[in-house]
Each structure stands twice: as structure tokens, then as C-alpha cells.
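In what follows, a structure is listed as C-alpha cells, so that the remarks can point back to it.
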Amino acid sequence: MSLLFFAFLALIALIGASGVILSRNAVHSALFLLLNFVVFAVFYIMLGAQLLGVVQVIVYAGAIVVLFLFVVMLIGGDIGPVRSGLRRYARWVAVVSMAVFLLIMVLGLARSLPPDAPAAMAPEAGSVQVVGQVLYTTYLLPFELVSLLLLVGMIGGVVLARRYRSPMEE
Amino acid sequence: MDFQTLPLLSLILWLPLAGALLLLIIFDERNVKSIALAVTLLDFVLSLGLLVGWVNDGSMQFVEDVAWLPALNIRYHLGVDGISLFLVLLTTFLGPIVVLFSWRNITHHLRSFMVLLLFQQTGMLGVFLALDLVLFFVFWEMSIIPMYFLIGRWGSERRVYAALKFFIYTMAGSALMLVAILLLYAQTGSFDWEVLRRTPLSPALQTWAFLAFALAFAVKVPLFPLHTWLPDAHVEAPTAGSVILAGVLLKMGTYGFLRFCLPLFPDVLPTFLPWIAVLALIGILYAALVALVQKDVKSLVAYSSVAHLGFVMLGIAGLSSQGLAGAVLQNVNHGLSTGALFLLVGMLYDRRHTRLLAEFGGLWKSLPAFSAFFVVVAMSSVGLPGLNGFVGEFTILLGTFQVRPVWAVLATLGVILAAWYLLTAVRGVIYGPLTNPKNATLPDLSLRERLVLIPIVILCFVIGLFPNLFFARINPAVEALRQDATRSAVVWQVPSR
Amino acid sequence: MNLPSLAFGVILPEIVVTATALLLLVVEMVSRPRRRLGQTAHAPVLITLIGLLAAAGLSLTALGGPMAEFQGMARADDLAHVLNLIVLGAAVLSVLLAWEYLPRFAGLSAEYYALLLLAVVGMMVLGKAVELITLFVGLEILSIALYVLTGFDRHHVSAAEAALKYFLLGAFASGFVLYGMALLYAETGSTFYADLAVRGQGGFFALTGLGLLLVGFGFKLAVVPFHMWAPDAYQGAPTSVTAFMAVATKAAAFVALFRLLQALPAVSAASWAPVLAVLALLTMTLGNLAALRQRSLKRMLAYSSIAHAGYMLIGLVTGTAAGLQALLYYLVVYAFMNMGAFGVVAALEPREPAALRDAEIAAAEGLFSRKPLLAVVMAVFMLSLTGIPPLAGFFGKLYLFGAAIAAGWTWLAVAGVLNSVVSAYYYLRVTVAMFMKEPAPTPGPAQPLLADSLALALTVTVLGTLLWGLFTGPWLLDLSAAVAGR
Amino acid sequence: MVPTTYYLVLAAVIFAIGALGVLIRRNALIIFMCVEMMLNSVNLTLVALAQQWGNLIGQVFVFIVVAVAAVEVAVGLAIIMAIVRHKDTTNVDEINLLRG
Amino acid sequence: MPALLPTLGTLILLFPALGALVNGLAGRRLGRRGVAIVANLAVGLAFITAVLLFTGLNSLPPEARHVEVTLWSWMHIGRLQVDVALLLDPLSVFMVLVVTGIGLVIHLFAAEYMKLDDEHRPLDERHYGRFFAYVNLFVLLMLVLVLANNYVLLYLGWEGVGLASYLLIGFWFHRPAAADAGKKAFIVNRIGDFGLAVAIFLLFALFGDQAGNLAFPALFAQVETLHPNSPVLIAVTLLLLLAATGKSAQIPLYVWLPDAMEGPTPVSALIHAATMVTAGVYMIARSFPLFELAPVTMTTVAWIGGLTALLAATIALAQTDLKRILAYSTISQLGYMFLGVGLGAYVAAMFHLMTHAFFKALLFLAAGSVMHALHGELNIDRMGGLRAKLPTTYRQFLVGALALAGFPLLAGFWSKDAILLKAFEKAPLLYGLGLFTALLTAFYSFRAVYRAFYGQPRDLHLYEHAHEQPTGMTGPLWILVVGSLLSGFLGVPAGLGHRMGLAASDRVGLWLEPVFHTAAHSEHVTLNLELTLLAVSGAVAVLGILLAYGRYVRQTRWTLAVQDALRPLLPVLEHKYWVDELYLAVVVRPLRGLAQWCYRWGDQWLIDGMVNGLGRVAATVGAAATRLQTGLISWYALSFFVGVVALVGYFVWMAAR
């Protein structure tokens, strides 16, 4: 049953993913991306990561995709040729190497995990409290570093996105 | 004063560099020449001190040996023996000469020019004094730099091409030597010459290391067919550069063979030396022929260098006492006579701004003193007995004949060709009617120019007539070298002394 | 929760630098004066310099001390301290480069220096990280800061283009890094190196994960074939940033990669060393060959920096202490000569930038006649980059190739020296332009701008290039502990 | 219970699709979206592995990746905006001033 | 006195050395007079020393006339122990006497002669000084050559005189012909020197262990250990012969000598007639212990000598340039000397060397006088009747010509006959050759005499302006006249001399006896045979002179008829058998062509092409590498991704293994 559900969701995720790269219009791409993200949120919850499921929806679907859409609207959807300016042979190279990559990875992944069922996790394992606990203790350093990262992003945004003015006015 | 404990070698080695730094900081541009001259003269006088404290036993003298970069056991190890002694003296001797020569004819950036000359001198002295492979390599490569700039900035029309070719060619040649040095270190844990010559090395290592070293040295010598950088560099270089280049820089190659290839890789010598000799032989004949058809006097002299150095290589490849000692001395001889030839061509160039044979002729009329010097120096280069060139060539050929008669006979043919091309040059420049009116009013040699040439000419005669003054100091070192070079386990017909 | 038990001493230099960045922003916010372009702001620079030097001082005093860890995530050992010193040193030089250079096109100096400081923190974290998540965050901090710095000159189209290329490809590469980390996690169930070492089996996950991480770090190091962004980004970025990127990013990435390679003893060097060797060969060869035909000085140096990454990879290939020491030594040397070279580029850049902010090699023509000292200094850098003794670059190569040969990688050393020969040509072209050509009569290239700070930076770097090799060796530290991975 | 391998394979496929998008699309925004999709697929891998291993490390990792992605998007979009200001396009084929 | 010998040996070198040095360095300041004094003093003192040497050596018992003087050690390496050492023995002292004696006369002549340059203008001090520096230098080096006690020092002298010859031939440096001739002389000589050098190498290889000093006595003591006709010995001697043919202008290397006449006439007299060119003869004589053991070489020497004598004599027949006639005559006479040494008649050869020195120097100097008198004209076709204008010179030239022709009782008569005698004994064929050559010699020498001094002036203008030379020039020639007339009596064959009651019979042979030990094997010649041969020679000489008289003075019909009959041969002779052209076509041109080819195709195309080609390959690959850098993000990403696939593929493969 859950397998069937998984297959269904996987199909949607794949459709979303394919939609992103196949849409002519950037708006459509963004929307397919949104679809993809939402499906992922469901997967997270299925995998017992409730907090992440929520974060996924809020941050990715809520913030990131919206930001994308915002920018797309701002600069106008790009309705031009879909494909990049690569020469034909280069596109074939891209597709073939992609296929090879996929083949390798899938074969490798499919064989490498022990077939036995995963260790059961406590139902509250993915909750805010538990994750928070780990974040603030064991993973304090990266967590704090993320704050620095956000600072970088902030400054970067300020520096790059301010209105363009003539140099002498700055 | 106890000469053996004074760090005489360091003084000799670093004095020019110190002089260069001094030139950089002094304020008054007018003093540059005098200071450069004083420094080089002082360096020469210091180097004469080597003769005073000399102990004639074939071992390294005035040794200085301190740790330098302990990470890889790299040492600051200097020493001088009969093989390097006269090369050091030649270098310091030519120092003041080129400074004096450049007194007037370097009109722009004299200070930089002198700085480079002094820098060059330290580099070359270092090559002859270093007994640590890394130290040696440092000086070896370092000595390319000033010459590159001398050619590139003060040279004539195709100077950029020549300078680049010189730099990249010689660097390419020595690149693999670095690998070989490191390979030696990997196997022995030492870069020290004294250690390495006593350490048996595996045959494979000897093979590869020999080839790498030989390539570096062969380019520098230059050995046929690696010689094409030389005519370009010589022709385009300013006179002082050509003199240094021919006088000393090329000797670094032959010296390298003597100092490293022979004593360090004895087992592979029987395999490779014949090939070296064949190349030297081809070089002797080929370069002589090519010299014959040169239209530019300087390039003729340049090709003559290739031929002459071929003799030196032949002497080295024969491994006979006479050949080796002759080769050591011939290094000096070639430095003097070819150096002087370049000086003379330079004097012509200063007057006429051309070096084409066709532009000259009959200069004996307008430049008698020049012509006299030209003839003497050409004869020295031709190998006229009584002058220096003969002693070297004769002993080399005599020694080689003892080992490989056919080589020696063929090489002796080169002596005939030498007369041919040099006399062609003499004929073209100073003989014949004074057809070109531009040549009629040229001033003869100035006092300064004579001062530049006279010491060289005197030395040519001294070596030609009293070579034993030199051989006496060379022989013990040569015998030590022969012992090293023939300690091989491989059956190898050792020529008698 | 017992905060005082945390070993903050381990990350003290990082904290100092972070604090400096914050202080900078606060000061700027509080006292933002109205400044016109072209005016130099001294306060932010001085604060930055003090912070960087303080951190460097801390690292220096820590040198040789006992190894310490922060929660098993950051390890303060001599390797990290040396890296800190390299990164901080490069940052100091970069600040000196930027001091008078930045006001030419941007007024936001505080932001610039703050980003620089944060990038430094990222790099320092990279050097200390012994846990994947920390490593990832450190990597992202430095990457994102550098994306922004690359595009800092917003008025300039090539800066924006450079930033875009760097960013898009960088993010792309981040995906692979992350995937690699995930696979390592799949192998061991942990992100701590200590666990990786114990639990790693060397199966599909470990190997593929390592491969993907190699790709990611190869990107940062601009290793062929992951190098393509580098020439463009280096050329488009402000020169002070280019110089910093070329040196400091490389240093940090090398140390991080080294730690990673050591973290998985189950994956023997026999499996990854040949790959690295091939990459090293490709990188130096392609970098040098592509540099041959460049007309832009900056772009040429970009390719040269690719080639140098190739040389440095040799140090990793060996997997020995000698290799690592040689690598670090080379990084120091490279910091001197490359920062110096970019400093001269900064001086030569035209003040009114054209489409490309660039100094053509032609701009250096006759430099010796115009600014002899600057030309000589540049020649020193060029020759050192070529690897000509007695300059530091030679000794760097000596130790690198020596380590390679000692470890049996003779062919790689051969490739290295032959590449040096090829590289001679393009480095020499610069000297040809400077010494052997005369400046075009009219309109001659503008007089180089040589501010005091730049002069100071050039003095430091040229002295380093001249003397470092002669008087120091790579015995600075015994790094065998780091090599053992403990 | 869905086997972890399924998730891993699905994630790999989506990762590959994202990468392909980067290679073949010419709109900088869409390329960027594809990159985000790749990060997401790795997130899925991590979460699945967290469950497989029965520890939280994977989840913590994802948490942090989400933050990183957010910063990347902020900065990335700003950079794209900067380009658009100069060139009035998001077509990466037209952004090739720097080359050779 | 004997104790002084080493000092004398040193002094004799010192004087010309000082002369050369002073004149060379300070010639201009000394003035012409000073230069002449210094130069003549140097040679004069050398001559006096030579006489003292002679007397000193003479005072010793014959077997003790062998003094080795080591001046200083020269090249000592391993077993090579060559010194600068002199050997004072009858042979060397004999040569020293000839060199300094003739040299002195020629110096005296030249002091006057060289006051004018080649265009008959006063020669300035500088060049005057230069000239005498050169000739003093020549005397020095020639003395070194003959006094050397080892082959290496001999080689020094050998090449040294070549240098002096080069400098003096090209003394009129502004004349292209002179410049080319000097160069040619040096290079052709170098070819010969090659032989000497290799011979030395070979000798050292053979005897280096015992005779590392390469000194003659030591070497010759070792030679005994070899078998006669052993290949190495033949090689050594042939190489020495090669050297000798170069220096002494024998087949095949004689071509430089006629050209060498471009030098000032005193030079032609001193170097290219009397002394230097005889060095080859001297050297073979000096090396006779080697040659004795190589009969094959001896025969070769003899034949080369004989053929050269004939060849040069035939060429001389057709020459019109007075000095060239003399030059070919010199070659021809040197051929006689070679014939002599080749037959083992060392004494005869040395004897002829001496007499030839007298009469040929005389002829040359007289020719010089003619040349001066005619303002440089040397073509005998433009002379004629000069007897009246230049009576003294005519007489002097006549004596020289008679001596050369072998007119009975004159110098050449005796010495030539000594050689022919030996030839008659050993190789009748060569005797016939020699005799025929003697006929030609007489003919061409009197052809010159009659063409120049008899008949009607053919160029009135020249004739009008001709004038007798001052005594400063003609005076010294009388010494040579005396020598040409009387020196022959120093070598009257012993038997005949005894019969004639001459006190001085075979003085030369006696003097040289300790060197060659000739007494042992020239006993069996009967007096009758001697006399017969002398008579034949004398007759032949007279016949030759008469023929010339008939042809050039009388213009008898039958002589003209003979000439007409031989006319087809004339171009051959005038062009000297085209040997110069042959050498040019076979040796010089191909070598130059090869050189040009090596330079163009070897150096510039192949080697440099490869060098630059390597650079170009690198640049091309570099250009290709930069073309990869398209500037397109997609392309960059593709490159990245291909790298990923390769890397991951590799690692997966590693994992699968």
C-alpha cells in the first residue's frame, strides 16, 4: 500500500522535475518546481521527518519558489528557445553522459544498501524538540556557522541588489 | 693569513652580488662604472688568492660546508679543485674586461646593465664552486636570468627572439636534470657531491640520471644538434653578453660533464660516452662547415664556438689523462680567444653598427692595431702552436687518439676547417682593398679597448708557452676524476695515463 | 547543556575574525559618512587589518601546540594553524591591494571587507573541519562570500558576468559535494571523520562519495576539467579578489581535501592517487598551454593559477608528510608571488575600465622605462612563477617534485618540470613586454597607479619571493600527525 | 514500509534530471531552479538515509542545507538581477563576454 | 766552448725574438732606419751565434756532437712529457747556418728593397716595422723548427713559419690576390700539418710509455723495436710525408707556392725559396730512422719528388711571370730534394738544400731588383734587353740561373748531381726523370734570362724607366753570388775530391756524418761512374741552355718548329694542368656547397625547424585549449559533468573490483 503511494508520489515528483527542465516558460518551470518540492515534503513526513516536512513547505515552497516567481515576473518570463546554445554533438554528449551517470548511480545504489528493513526510529524523532536538541548541542558549530552564512547572504543581497546609481553618488 | 680557513670562496662568490646591490643603492649614476670595475677587479684579485693557498693534491680546496636547508639535507657546500680552479679564474678575469669594454658603448640603463653583469658573475661562479647538487642547480638556472635580460634589452634586432630562445632552450634542457637530482636524492638521501661520488648507484638510476644531466649540459655546451640557440643568442647579444656567454656560460656545460656526469655515473659511461663523442665529432665538423658560409662575423664566431666546444667534449668523452686535462684547459682557452674575438667584433660593431662580412674589408689600413689583435686572436682560435688554443686542442686530440684513433683523426680534420673559416673572416674583415668609404675614417682602438684586449692576448701567449703552470694544477684533479670515472664494475678498457 | 565546557579556544581565531566583521558593519552603520567614489575609507581597512593580524597572531602562538578539537567537528592542529596563517596572510595582502584599488569603483568598503573577513572565516573552517556538515557550511560561506565579492563591482558588466558564471557553476558543484557527503553518510551513518575512519568499508558509497567530493573540491581548486569557470571569474572579478581567490581558496580547499582523503583509510591511496595524478597532469598541462596565447595579463595569470593548482595537486598525490609539507610550503610561496603579481596587475589596470576590466600584456610595454622598480618586481614574480632559482617558486617546486619522486611518482615530476618549461614562455612574454619593448609614443598607456598600500604589499611579497626559498624550508612543522589523520 | 533504496534511486533520478537541466537550458533562472532541484534530491537522500541509519544526522544535515539553499537563492537571484540590469537578458548564451 | 752550447742555443732564438718584439711593438717609433738596424742586428747576431755554435760543435768529437737543451717543461700530463727542448747536432746547426746566413743577406737586401711599397711609393714606418717584425718572427720560428728536439716543438715551428708565411704573403693586405694567396697558403699547409699532428699522435700511441717526451733521440731509440715495413710505421711516415708535401710544396699540395709569390720579393726569396719550403726535406731527413724502416714510404717520397720536379719544371716552361717561373723552379728543385731523401741520399738532399738556398735566393732577389727597376713589372714578355740597363742585376741573375741550370762547377751542378748519382744507383727510372727535368730546368731558367735580359725591349716605356738598383740592394747579392759559385765545392763527391786534391771534398757529408751515418753505405760508387754522371749532367745543362739560346736568342727555325709541334700542350702548361681548378671543383666547391646545405637545410630548416616547431605545436594546442573556453555556462557545466561521470565511473569501477 505504502509502496503504491510511494510510486504515485514518485511519478508526480518525476513529472515535476521533468516539467522544470522541459517548460518553455520560466513561470511554468517554477510551478513545476513547486510541485516537486511539495511532493518531497510528503516524502519527508513519510520518512519520519515531520519538522523537515514543514520546513520544506515553508522555506522551499513558500519562500524560495515565490522568490523565483517574483524575479521571473520582474524581468519577464523568458519565452525563447528552450535549449542552450550548445552544439548538437555537445547536447548528445550531455544526454549520454547523463544516462551513464544515472546508470552507474542507480546500479550502485540499488545494490549497496542491506536489504533488511531500516532501523525503526522513534516516532518523535523528527520533531522540533528532538531535532532542535541535536542542532543546538552536537551540531552547534555548523548551526552557528549557518548564521554567519545568512549574514553573508544578507550583505550580499544588499551589495548586489541595491538600485543601480551612477558611481559618483554612492 | 691562512688561506684554507678564510671563507675565500664565499667572498669570491658573493662579492659581485654585493657589488650589484651597492650599485642599486648608490645615488650617483656616474660612479656606476667605476664601482663595477672596482668590484670585478677586487674579485679577480681575491680569486688569485686561490693560487696562493693552493695545495696540489687533487682534492677539493677551500671547502666550505654548512647546512643550508636541512629539510632535504641541502648544504651550502663550496669547494674548488683543479678542474674548477681555472674556470673560476677565467670568470673573474673576464669580469673587469667586460665591464671595461662596456664603459662607453652601453648608452642606456648603464646601471642595470652593470648590475646584471655582476649578478651574472655570481651565478657563474656559483656553478663552478657548488658541490651540492641543489646549490649547483640554483646557480645553474640563476645564471640564465641576467643573460636573458642582457640579450633581450641590450641586444640587436632579433634580440627578443634570441633571448626567449636562449632562456627556454636552456631551461628545457636542464628541466630533467632537476628530476634526476631529486632521483639521486631519493636513492641516496644526499645532494652532496662528495657523498654521491662515493655512493654506488643502481644501473638504472645511473642511466636515467646520466641522460638527464647530459641533456642539460649538452644544451649548454652546446653539443650538436642542440646548438641552434647559440648562434642566435650570440649574434643578438650585446658584446659583453657574447663574451660572457662564450667565455664562461658555455663552459658550465663542459664543466658539468666533468664534475657530475663522469664521476657520479661511472657504470654507464662506456655506453654513453661514445655517443657523446660522436655528437662532439659531428659538431666539430658540422659547425666548422656552417661557420664557413656565415655572412655575419659574429655568427661565424658563434659557430666556431660550437666547433671548439666539440673538441672539449671529445676530450672529455675519451677519458684519457691528456684529453681530460686538455679539455679543462681548452675551456679556458676558448673563453679567452673566443671572448676576445667577440670583443673585437664588438669593437667593429661599435664603429659601424653592422657585422656583415660584406661591409668590411681592408680594415688593416684604417685600423692597424685592431687588425693586429684580430690576427693574433684568430690565430689563437685557429690553434696555432705557441698560443693557447694549440695546447688544448693538441692534448685533447693526442689523448683521444690513444683511446679512439679514428675520432681523433676526424676531429683533426676540424682543425683544418677552423683555419679555413677563421681566415675567411680575417680575410674578409682586414684584408683586401678598403672599398667601403665608411671604413676609411674609422678611429683605431682606443686606450680602453687596448686595455681590454692586452691582458687576454698576454694570457694567450702565457698559456701557449707555459701551459704546465696550468697542467700542474689540473693534473691531480684529473687523475682523481679518472679514478672516479673508471671505478666501474663494467669491463671498460681504461686508457693508460 | 554546559556551554563553558566547549573548547572555544579551538575556534578562537575564527571568532576574532567574525567579530571583526561584525564590528566593521556596526561601525559603518553607526557612522556612515557620505563618501564619493574615489575617496578612500581608512577606518574599515584598519579595522580589518587589525582583526586579521590578531587572528594571525593567535594562530601563530598556537603553532606547535597540542592538538585540540571542538566537539569532534573542528580540529585545531598545526595543519589548521598553518592554513590559517596562509589564508590570513593572503587576506592581509588582499586588503592592502584593495585599499586604494577598491575606491576606484565602489564606495561600499565596509561591506567589501566584511565579506572578505567572512570568506576568511569560511576558509578557516574548511581547514579545521573534521565533520562533513561543518565542512559543507564552511565551504558555502566562503563560496557565497566570494560570489558576491566577484560581482562586487556592480557597474561593470564583466564583474556581473563573472559572478554569474562562478555562482551558477559553484552551486552546481555544491550539489555534487552534497551528494558525495550524503553517500559518505550512507556508508557510515555518520558525518564525523572519526566515524568515517572507523566504519568506512570502502564500498560503493565510500568510493563514489569520495569521488563526488573530489569533484567538488576539484571545482574549487579549478582542476581540469572542473576549471572552466576560473579564467572567466578571475578575469571579471576585482583584482584584489582574484588574487585572494587564487591563493586562499586553493589553500583551504587543499587542506580540506587532504583531511578528507585521510579520513577514509578504508579507501586506499592506491585508488585515488592515480586519479589525482591524472588530474594534476591534465590541470598543469592545460593551464599552461591555454595561458600561452592570452593577451590579457589577468586572464593569463588565471590560467597560470590553474596550472599551479596542478603542481600543488602533486603534493596530495604523494599522500606523504613530505608531500603535504611541500604543498603547504608551495602555498606560502604561491601566496607571495601570486599576490604580488596580481598587485602589479592592479597597478597596471586602466583607470577608466573598458568593457573588460583588464590589464593587457601590452599595457606593460616599456614598463621598465617608466617604472623600473615595478617592472623589476613583476619580473621577480614572473620568474618565480616559472620556477627559476633562487626565487621561492623554485624551492616550492623542488620540494613538491622531490616529494613526488620520493613517493615514486617520477613521471609526475617529469611532467611538472616540462610544464614549467612551457610556462616559461608566457611568463617571459611579460618580461619581454616590460623590458624589451618601449612604450608606444602616443597615446601611451596610463602611468601605473602605485599607491602606498600597494607598494607595501609588493614590498612584502617581493621580499618573500626573493628570500623565503633561500632561508626557510618546509620543515616548519612536523605534520606527520596530520598525515596520520589523528 | 518503502525500502530506502527506492528513495535513493528516485533521488538519484531527480538529481540527474536537475543536472541535465543545467546542461541543456539557456535561461539562467531555470538553470538555477535545476540546481535547487538537485539540492533537494540530495536532501531526500539524506532524510532516507537518516531513517535507514536510525539517527538524526541526516535530518540535521538537511535542515542546514535548507538554510544554505535559501542563502544561495537570495544571493543568486541578486546576481541574476545584476546581470539583467546590464544585459537585459537571462539567456546564458548571450553572457559570454569573458572567454578564450 | 762546448759548455756554452746550450746558452748559444738559447741566444740564437732570443735575438730574432727580441727583434720581432721590438719591431712589432715599437716599429713606428724607431723609424725605418732603426727598424732596419734592429732587424739586421737580430739576424746578424743570430748568424754569429750560429757560427759560434758550429765551431763549438765542431770542436767536439763527431760522436759527441749531440747536445740536448731543455729550456722549460711544456706540456706534462700523465705520460706526455713534452718540453721546450733544443737539439744541437750537425743537422740542426747546418740548417741554422743556412737559415741565419741566407736570412741575413736577405735582411740586408730587404732593408733597402722595402723602402718602397708595392706601388712604388715610399713605405711608411709602420708597415716597414711590421715587415721586419714578421721576418724576424719567421727567422725565430724557423730556428725553432730546425732546433726542436721533439716533434711537438717542431710542430710549433712548423706551423709558426706557416703563420709568418701567411702574414708575409699577405703583407700587401690591400691586394686581394695577396690576401687570398696568404689564406690559401695557410690552409693548404694546414692540410699537411694534419699529417704531422696525426703522426705525432700515432708516435705517442706507439712509444708514449718509453718516450713520452716525443724527443727525437728517445723516439728513434724505440723505433728499433718495430719491424721494418710494419703498418704503423708506414702510416707514421706517410703522414709525415703528407706534412712535408704541404710545407715543401710537393704533389699534391704544391698549389699554394706559386700564389705565394704575391708576397714581397725578399719574402719569396727567404721563405718560399731558401728556407721554409725546405722544412719538409729537413723534417724527413730528421726522421730518417723512421723512414729507413719504411721502404714503401721511401719509394713514395722519391717518386713524389721526381714527379713533382718534372711537373713543376714543365709548368715553369710556359710561365711568363718571372717570380712564378722561379716559384715553379723552386717546387721542382724541392722535388729533387725529395728525390734525394727518398732514395736515402740525405746528405745529397741537404747539400742541394743549401746550394739551392744560395742560388734561388739570389735569383729571387735579382728578380726583385728587376721588379723594382721596372716598377713592379714581372712579366717577361714585357721585358727584353735589360742587360744593358741593369748590368749588375743581369750578372747576378745569370749566376743564379747558371747555378740553377746545373752548369758545370757551379753550386747546383754538384748538389743536383749528388742526388742523380744516388738515383742512378737505386732507381734508374727516376734518374732518367731527374735528368730530363735537369734539361728542362736549364731550358726554362735560360728562357727567363734571355727573355728578360736579351733581345729587344718589348715595352719601351718600361725599358726607358728602368734603372739599376742602389748598392744597398745589389751589394748583399754578391754574397749569394759567391755562394752560388762556390758552395758546390763543399760537396764535391769524396772520391773525386780526393782525386782533385781538394781539401774540402764532401764537407757537407762529413759534417752530417754523425747524424746519418752515411759513410757506411756510399763506398761502392766508383770514381768513373761519378765522373760519367757528372759529365752527363753537365752536358744536359749545357744542352738546355743552348736550346734556350736557340729558341729565344737565335730564334732558329727548328726550335720554333718544335715549339709549334708542342703547341697543343701549351694551354695545358699555361693552365698548370688545371690543378687549381680541379681542387676548386673537387674539394673547395663541394665543401662550400655542403656547408651551405648544412646551414640552410640542416641548421635553419631541420634543427631550428624542429625546435620552433615544438614551440608552434605548444602554441597550437594552447590555442585549441583556449577555444574550449567558449564563455558559455552550459559548455562549462558539460565539461564539468563529463569530468564527474569519468571520475565517478572510475571510482565505481574501483568499488566493483
Side-chain angles (χ1 to χ4, degrees), chain A residues 17 64 68 71 75 84 86 90 93-94 97-98 100-114 118-119 121 131-170, chain C residues 1 3 6 10-11 14 18 21-22 25 34-38 70-74 105-108 110-112 114-115 118-119 121-122 125 128-129 131-138 140-145 147-149 151-152 154-155 160 163 179 183 186-187 191-192 203-205 207-208:
Chain A
I64 292 179
F68 267 114
V71 171
I75 61 182
S84 71
L86 290 182
V93 172
S97 51
M98 183 59 53
V100 173
F101 178 76
L102 206 52
L103 191 73
I104 293 169
M105 290 305 292
V106 169
L107 283 178
L109 291 171
R111 290 170 175 194
S112 298
L113 271 189
M121 287 180 72
V131 175
Q133 177 80 13
V134 177
L135 265 182
Y136 279 100
T137 55
T138 320
Y139 288 91
L140 178 66
L141 183 62
F143 187 76
E144 289 300 331
L145 286 174
V146 166
S147 65
L148 279 189
L149 186 62
L150 289 170
L151 182 63
V152 170
M154 207 171 74
I155 305 174
V158 169
V159 167
L160 293 172
R162 284 187 321 161
R163 286 283 306 279
Y164 188 103
R165 270 182 276 160
S166 116
M168 296 314 287
E169 290 171 48
E170 278 195 70
Chain C
M1 276 283 289
L3 275 181
L6 291 174
V10 172
I11 51 169
E14 288 79 355
T18 311
L22 294 174
L25 291 173
R34 288 193 67 79
R35 253 199 316 277
R36 298 168 70 85
L37 193 68
F70 186 92
Q71 287 188 311
M73 296 194 172
F105 59 85
L108 298 168
E111 286 84 347
Y112 177 90
L115 282 171
L118 289 171
V121 175
V125 168
K128 280 189 178 155
E131 192 270 340
L132 292 175
I133 300 179
T134 315
L135 181 67
F136 182 70
V137 180
E140 286 300 317
I141 293 178
L142 92 87
S143 301
I144 292 174
Y147 301 150
V148 179
L149 284 173
F152 203 82
R154 298 180 308 133
H155 313 302
Y179 207 158
L183 291 178
E187 172 92 5
T191 54
F192 290 90
F204 168 81
F205 287 134
L207 277 164
T208 314

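Here is the naming used below: chain letters follow the sequence lines, and residue numbers restart at 1 for every chain.
Across C:Thr208, C:Val121, C:Leu25, the residue that shares the most heavy-atom pairs under 4.5 angstrom with chain A is C:Leu25. Of the residues considered (C:Val125, C:Thr134, C:Ile11), C:Thr134 shows the highest number of contacts with chain A, using heavy-atom pairs under 4.5 Å.
The closest donor-acceptor contact from the side chain of C:Lys128 to the backbone of C:Glu14 lies at 3.5 Å or more, if one exists at all. Listed for the A:Ser97 side chain is a donor-acceptor partner under 3.5 Å among the backbone atoms of A:Ala94.
With sequence neighbours left out, the salt bridge (charged side-chain N to carboxylate O under 4.0 Å, His left out) criterion links C:Glu187 to no other residue. Looking at residues two or more places apart in sequence or on another chain, you find a side chain to side chain donor-acceptor pair (under 3.5 Å) between C:Thr191 and A:Tyr139, C:Glu131.
Rounding to the nearest 0.5 Å gives a distance of 5.0 Å between CG of C:Leu115 and CD1 of A:Ile155.
Heavy-atom distances place no part of A:Leu150 under 4.5 Å from chain C, backbone and side chain included. Proximity to chain A is limited to the side chain of C:Gln71, based on heavy atoms less than 4.5 angstrom apart. If you measure heavy-atom distances from C:Leu149 to chain A, you find no contacts under 4.5 Å at all.
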